[in-house]
A.B. asks: 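One structure is given below, represented as structure tokens, and several questions about it will come after.
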Amino acid sequence: MATLLVHTPNTLSSKMNTFRAMRPIASRFSKQTLPAYRSYSAPASYEFIETSEPRPGVGQITLNRPKALNALSTPLITELNTALLSFDRSPTIRTILLTGSQKAFAAGADIKEMAPLTFSEAYTTSFIESWSSLTTAIKKPIIAAVSGHALGGGCELALMCDILYCTETANFGQPEIKLGTIPGAGGSQRLSRAVGKSRAMELVLTGKGFSGREAYEWGVAARCFGSWEELMEGSLKTAETIAGYSKVAVMAGKEVVNKSQDLGIRDGVEFERRVFHSLFGSEDQKIGMKAFAEKKKAEWTDK
Ligand code: CAA
């Protein structure tokens, strides 16, 4: 089995030119010319996650700590961040899919690891801060495919992703209150924006869970699926669709939508317009609009 290429920062720049020449243009992702399904073994260094490239341009990270229902220990998060960064820097990966098992996306932060922490240890080591690098360092779109438990930090991790898909029976929730604590990786903030203050307050203060079907109905999830197989197929299809567009436009689209979560409407619209203006400087805007007028398929250059 081939091994997924991992790019370390010091080797990346020296290999960029070679990769540029090797980089498949997006037009090669058309249905007729898709290469057969490929799967790669995870780099040997990963213990708690697996990585693969299940479709052209799609990098998949699977949380893999089954005995603890994918509880998010610090070593797991470190591996996750390494894999995310590696996919983000990869010249061939264009969209990232983050998933767990059918039984658990992730059952939260590792309670056994957290239990003995003191305030000073948590504060001085900025415990849990590194989880948020997913939202700041990664510029390519991340789709979360959630099945089974997505509790506490697991729910928060899913909420950090750009698109959330789930099964109807997925089990979301912020049960930290039952442990004598509160969400610590953005749950109270992102849930409030997604479902409104009153519902978020109820969830955080009662620890009550909500189903994947409710997540969909409340706008937390973009789509929900009847089975695990449908979830994975639907997620991969969307990832592949996004991977087939101009990388420049996709990254800009992610940036402007995410800005809406931080800015008021006036500043947000202004920001969007500036980024929109800047895309007139890209080759792909010219290519996309010319192809439309000529009724041809756009062949993106990612420039
Ligand atoms: N941390 C550490 N270990 C966990 C875990 C977690 N969050 N969730 C499950 N596990 C472990 C269990 O201890 C158990 O291990 P052992 O076999 O060694 O005893 C194993 O995973 C299987 O779990 P269960 O036997 O409990 O499985 P179940 O099917 O009966 O129940 C569950 C599943 C409802 C998800 C239950 O495991 C559970 O309630 N887990 C905790 C959920 C939770 O409270 N999450 C929030 C954590 S705090 C947090 O995330 C803070 C934050 O904001 C960042």
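Both ligands and their constituent atoms are indexed starting at 1 by order of listing.
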A.B. asks: If you count the atoms of ligand 1 from 1 in the order shown, which ones are under 4.0 Å from a heavy atom of Leu179?
C.D. replies: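 Going through ligand 1 atom by atom, the ones under 4.0 Å from Leu179 are 44 (O), 47 (C), 48 (S).
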
A.B. asks: Taking Asp88 first and then Lys140, would you say they form a salt bridge - that is, a charged N and a carboxylate O separated by under 4.0 Å?
C.D. replies: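 Salt bridge: no.
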
A.B. asks: Just to confirm, does any protein heavy atom lie below 4.0 Å from atom 53 (O) of ligand 1?
C.D. replies: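 When distances to the protein are checked, atom 53 (O) of ligand 1 has a heavy atom within 4.0 Å.
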
A.B. asks: Any idea which protein heavy atom is nearest atom 46 (C) of ligand 1, and the distance to it?
C.D. replies: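 Closest protein heavy atom to atom 46 (C) of ligand 1: Gly152 CA, 3.8 Å.
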
A.B. asks: Any N or O of Pro175 that comes nearer than 3.5 Å to an N or O of ligand 1?
C.D. replies: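 Between Pro175 and ligand 1 (N or O atoms, distance only) the closest approach is not under 3.5 Å.
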
A.B. asks: Quick test: of every protein heavy atom, which one is nearest to atom 37 (O) of ligand 1, and how far off is it to 0.1 Å?
C.D. replies: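 Checking every protein heavy atom, the shortest distance to atom 37 (O) of ligand 1 gives Leu69 CD1, 3.8 Å.
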
A.B. asks: Which is it for Gln174 and ligand 1 at heavy atoms under 4.0 Å: side chain, backbone, both or neither?
C.D. replies: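 The answer is neither; Gln174 stays 4.0 Å or more away.
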
A.B. asks: I'd like to check which ligand 1 atoms, numbered from 1 as shown, lie under 4.0 Å from a non-hydrogen atom of His149.
C.D. replies: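 So the answer, numbered in order with elements, is 33 (C), 35 (C).
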
A.B. asks: What is the minimum heavy-atom distance between Leu203 and Lys208, and which atoms define it?
C.D. replies: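 In this case the closest contact between Leu203 and Lys208 is CD2-O, 3.4 Å.
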
A.B. asks: Tell me if the centroids of the rings in Phe127 and Tyr123 come within less than 6.0 Å of each other.
C.D. replies: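 Ring-ring flag for Phe127/Tyr123: false, centres at least 6.0 Å apart.
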
A.B. asks: Identify the closest protein heavy atom to atom 39 (O) of ligand 1: which residue and atom is it, and at what distance?
C.D. replies: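 The closest heavy atom on the protein side is Leu151 CD1, 4.7 Å.
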
A.B. asks: Could you tell me if any non-hydrogen atom of Lys103 lies under 4.0 Å from any atom of ligand 1?
C.D. replies: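 Not so, Lys103 does not reach ligand 1.
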
A.B. asks: At a 4.0 Å threshold, what atoms of ligand 1 neighbour a non-hydrogen atom of Met114?
C.D. replies: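 Near Met114, the atoms of ligand 1 are 48 (S).
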
A.B. asks: Closer than 4.0 angstrom: is that true for some heavy atom of Glu113 and an atom of ligand 1?
C.D. replies: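 The answer is no, since Glu113 has no heavy atom less than 4.0 Å from ligand 1.
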
A.B. asks: Would the number of heavy atoms belonging to other residues, nucleotides or ligands and lying under 6.0 Å from CD of Glu121 be above 12?
C.D. replies: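 It does: Glu121 CD has more than 12 such atoms within range.
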
A.B. asks: Can you find a protein heavy atom under 4.0 Å from atom 30 (O) of ligand 1?
C.D. replies: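 Under the 4.0 Å cut-off, atom 30 (O) of ligand 1 has no protein heavy-atom neighbours at all.
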
A.B. asks: Give yes if a backbone or side-chain nitrogen or oxygen of Gly184 is under 3.5 Å from a nitrogen or oxygen of ligand 1, and no if not.
C.D. replies: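 Yes, there is a polar N/O contact under 3.5 Å.
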
A.B. asks: I'd like to check which ligand 1 atoms, numbered from 1 as shown, lie under 4.0 Å from a non-hydrogen atom of Glu156.
C.D. replies: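 By the 4.0 Å cutoff, the relevant atoms are 52 (C), 53 (O), 54 (C).
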
A.B. asks: Between Ile128 and ligand 1, which residue portion shows a heavy-atom distance shorter than 4.0 Å: side chain, backbone, both, or neither?
C.D. replies: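 Side chain only; the backbone of Ile128 stays clear of ligand 1.
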
A.B. asks: Indicate, as side chain, backbone, both or neither, the part of Ala71 found under 4.0 angstrom from ligand 1 when only non-hydrogen atoms are considered.
C.D. replies: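 For Ala71, only side-chain atoms sit under 4.0 Å from ligand 1.
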
A.B. asks: Considering only protein heavy atoms, which is closest to atom 8 (N) of ligand 1, and at what distance to one decimal place?
C.D. replies: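 Residue, atom and distance for the closest contact: Ala107 CB, 3.5 Å.
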
A.B. asks: So which heavy atom in the protein is nearest atom 17 (O) of ligand 1, and how far is it from that ligand atom?
C.D. replies: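 The closest heavy atom on the protein side is Lys67 O, 4.5 Å.
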
A.B. asks: What is the nearest protein non-hydrogen atom to atom 16 (P) of ligand 1, stated with its residue, atom name and distance?
C.D. replies: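 The closest heavy atom on the protein side is Lys112 NZ, 4.0 Å.
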
A.B. asks: Run the salt-bridge test on Asp284 and Lys247 with the 4.0 Å N-O cut-off and return the result as yes or no.
C.D. replies: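 No, Asp284 and Lys247 are not salt-bridged.
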
A.B. asks: Counting non-hydrogen protein atoms only, what is the nearest one to atom 1 (N) of ligand 1? Give residue, atom name and distance.
C.D. replies: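 Heavy-atom neighbour on the protein nearest atom 1 (N) of ligand 1: Ile111 N, 2.9 Å.
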
A.B. asks: Is the closest heavy atom of Ala68 to ligand 1 under 4.0 Å?
C.D. replies: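 Ala68: in contact with ligand 1 (<4.0 Å).
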
A.B. asks: For the residue pair Trp300 and Tyr245, is the inter-centroid distance of their aromatic rings smaller than 6.0 Å?
C.D. replies: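 Aromatic pair excluded; centres sit 6.0 Å or further apart.
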
A.B. asks: Which ligand 1 atoms are under 4.0 Å away from a heavy-atom of Glu176?
C.D. replies: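 Those qualifying, in numeric order: 48 (S), 49 (C), 50 (O), 51 (C), 52 (C), 53 (O).
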
